[in-house]
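When a ligand or atom number is given, it counts from 1 through the structure's own listing order. Everything numeric here is computed off the predicted structure, so don't read it as measured data.
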Amino acid sequence: RSLWISGILLFGVLRSPWIIQTFYRLFHQCRKTFAPLNLTDYEAIGRCEQEVPEYFNFASDVLDKWSQIEKEPSNPALWWINGKGGERKWSFEELGFESRKVANVLSGPCGLQRGDRIIVILPRIPEWWLLNTACMRTGVVFIPGTTQLTAKDICYRLLASKAKCIVTIDALAPVVDSVASQCQFLKTKLIVSESRRAEWLNFSDLLKAAPAVHNCVKTRSQDPMTIYFTSGTTGFPKMVEHSYGSFGLGFFICGRYWMNLTPSDVVWSMSDTGWIKAAIGNVFGPWFQGTCAFVHAMPQFDPKVILNTLCRYPVTTLCSAPTVYRMLVQHDLTRYTFKTLKHCLSGGEPVNPEVMEQWKNQTGLNIYEGYGQTEIGLICGNMKGMKIKPGSLGKAAPPYDVQIIDEKGSVLPPGEEGDIAIKIDAKRPFTFFTRYVDDPVKTASTIRGNFYITGDRGSMDEDGYIWFMGRSDDVIISSGYRIGPFEVESALIEHPAVVESAVVSSPDPIRGEVVKAFVVLSPSFTTQDRKKLACELQDHVKKVTAPYKYPRKIEFVEQLPKTITGKIRRSELRNKEWGQI
Ligand SMILES: Nc1ncnc2c1ncn2[C@@H]1O[C@H](COP(=O)(O)OP(=O)(O)OP(=O)(O)O)[C@@H](O)[C@H]1O
């Protein structure tokens, strides 16, 4: 008997690591299955320290989990106002309920199946958020577009994307109808409107009748989730495809560390619904962290409305384009009290150090700049807590290893100008776009050796901060010097006469090309002698930056040409200059 007992004990001792390991594994399996949301794992995945799960769907894996966690009183998931008394607040549970109904509308009356594409051209109305989420639930590929698109733009997008369905509002329905006959792939038109329109399905009618039960599709992390058309700053907009992994999981780090969001924050991102910044600032950034996405559907840009909204609503985080900050600092900000505002973000274009300083002096808040692309998301940023070096893009954002390289793909030492690039080791980071749709040559052209080429020029300092020089095409070469437009524009805006400017190359018989500045004057300077003012601005630039950069030509203009996103179209000005020779 004692032999038996010793045998069992010996077996137990020998197998104990196995038993402990098995228990450990079972425990973690249970924790993962039943834990409402495992943010630590998502962070490790976002940093590329943990494998991307085979299956991921932001609607079922994140939004539905938050709806299980949220307790009263909590911030809503979406807080929408229109400035005319209209207001809607949805918790994650309400968002889930409504979006499941919309999912049934898409797969029922709209006849859409998983993998089909839908173009959604809506202003900032709650239906945009419902459709966005409903697409994740059904596997329909979501293609947003801005309401500023013209008939030609819409036709280009419908044909290029082969979308089967389009959703829009009253104002754009006739525009869609004017091109619909040329778009052979388009089968269904859905209108978000109080009134009915012939040949269009009505969103509200269908929503009322839709069943509330819907099972979210199981999507692989690499499955296509969305297609974004780029801003078209340099040419025709490109179709950038993202997956459930790159878009869903890929924005975790950005929301947590650049936007600095937690469940008690309220973030107001002003981006138009057609651009990736709306996805970052209004959907994935906040909702991954359980944060409230605040939306003000302003019919038009009005600095005073923005400033009053920041005073009246408990916005903690503001995310906006540099153009908006440039316009806001034209006002006396000390007259406004932003009680809850604590974190300000900017991206899409460089913010001039002067604007940062004015904002800081008047509000006490820094602007945390982020640099990114539709293709890649956030590439560099000033993460909360980091020392800000005004004029720089901050440091590489995890999981990226950002380097400055030469044309052969070799890494350049600190201080030297080159291409801003992202190192790709054995495999492409999962946060990258999947491809430019139907354009394998263009997709392949973004890679040079072990690097992804952003198409932007810059340098890195000893501390790892990246300094933006300009888009590769925008850099000016004059008398052998390489001049980035941003440096000259930043010098110009330091002068009180300048509201904003665009600097491009202009032909010159001796130097080949010279720096030319198109300047928008502040109202109090418009009546001044233009010749004298031009000389004053030239002297000013020579004083605040290396003299060789000063604009030899200056033209005063009422406004600058911009993309619908508000980015300055330097290429348009440059083409005009060179076409004049
Ligand atoms: N903080 C920033 N500072 C300077 N430039 C920025 C910043 N953030 C973004 N950008 C610029 O915007 C570009 C990415 O913008 P986006 O993805 O909207 O497409 P686009 O380049 O404007 O349009 P297209 O590719 O159609 O010409 C970057 O490559 C960079 O040139």
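A salt bridge (Lys or Arg N to Asp or Glu O under 4.0 Å) with Glu349 holds for exactly one of Arg326, Lys567, Lys562; it is Arg326. Shown are Lys576, Arg574, Arg570, Arg569; of these, the side chain to side chain donor-acceptor pair (under 3.5 Å) with Glu572 is made only by Arg569.
To the nearest 0.5 angstrom, Leu186 atom CG is 11.0 Å from Ile154 atom CD1.
Qualifying side chain to side chain contact (heavy atoms under 4.5 Å, CB included) partners for Met225, counting only residues two or more places apart in sequence or in other chains: Met136, Tyr244, Phe247, Phe284. The side chain to side chain contact (heavy atoms under 4.5 Å, CB included) test applied to Lys542 returns Asp539, Pro547, Tyr550, not counting sequence neighbours.
For the residues Lys238, Met469, Lys567, Lys277, the heavy atom positioned nearest atom 25 (O) of ligand 1 is part of Lys238.
In summary, the atoms of ligand 1 found under 4.0 Å from a heavy atom of Gly370, numbered by their order in the structure, are 1 (N), 2 (C), 8 (N). In summary, the atoms of ligand 1 found under 4.0 Å from a heavy atom of Leu393, numbered by their order in the structure, are 1 (N), 2 (C), 3 (N). In summary, the atoms of ligand 1 found under 4.0 Å from a heavy atom of Pro350, numbered by their order in the structure, are 2 (C), 3 (N), 4 (C), 5 (N). The ligand atoms of ligand 1 that sit less than 4.0 angstrom from a heavy atom of Thr374 are 16 (P), 17 (O), 18 (O). The Glu369 neighbourhood of ligand 1 comprises atoms 1 (N), 2 (C), 3 (N), with distances under 4.0 Å to a heavy atom of that residue. Set against the non-hydrogen atoms of Asp456, the atoms of ligand 1 under 4.0 Å away are 28 (C), 29 (O), 30 (C), 31 (O). The ligand atoms of ligand 1 that sit less than 4.0 angstrom from a heavy atom of Gln373 are 14 (C), 17 (O), 28 (C), 29 (O).
Only the side chain of Phe468 comes within 4.0 Å of ligand 1, judged by heavy-atom distances.
Ring to ring, Tyr42 and Phe288 are close: their centroids are under 6.0 angstrom apart. A centroid separation of less than 6.0 Å is found between the aromatic rings of His343 and Tyr368.
Between Gly348 and ligand 1, a contact under 3.5 Å exists for at least one N or O pair.
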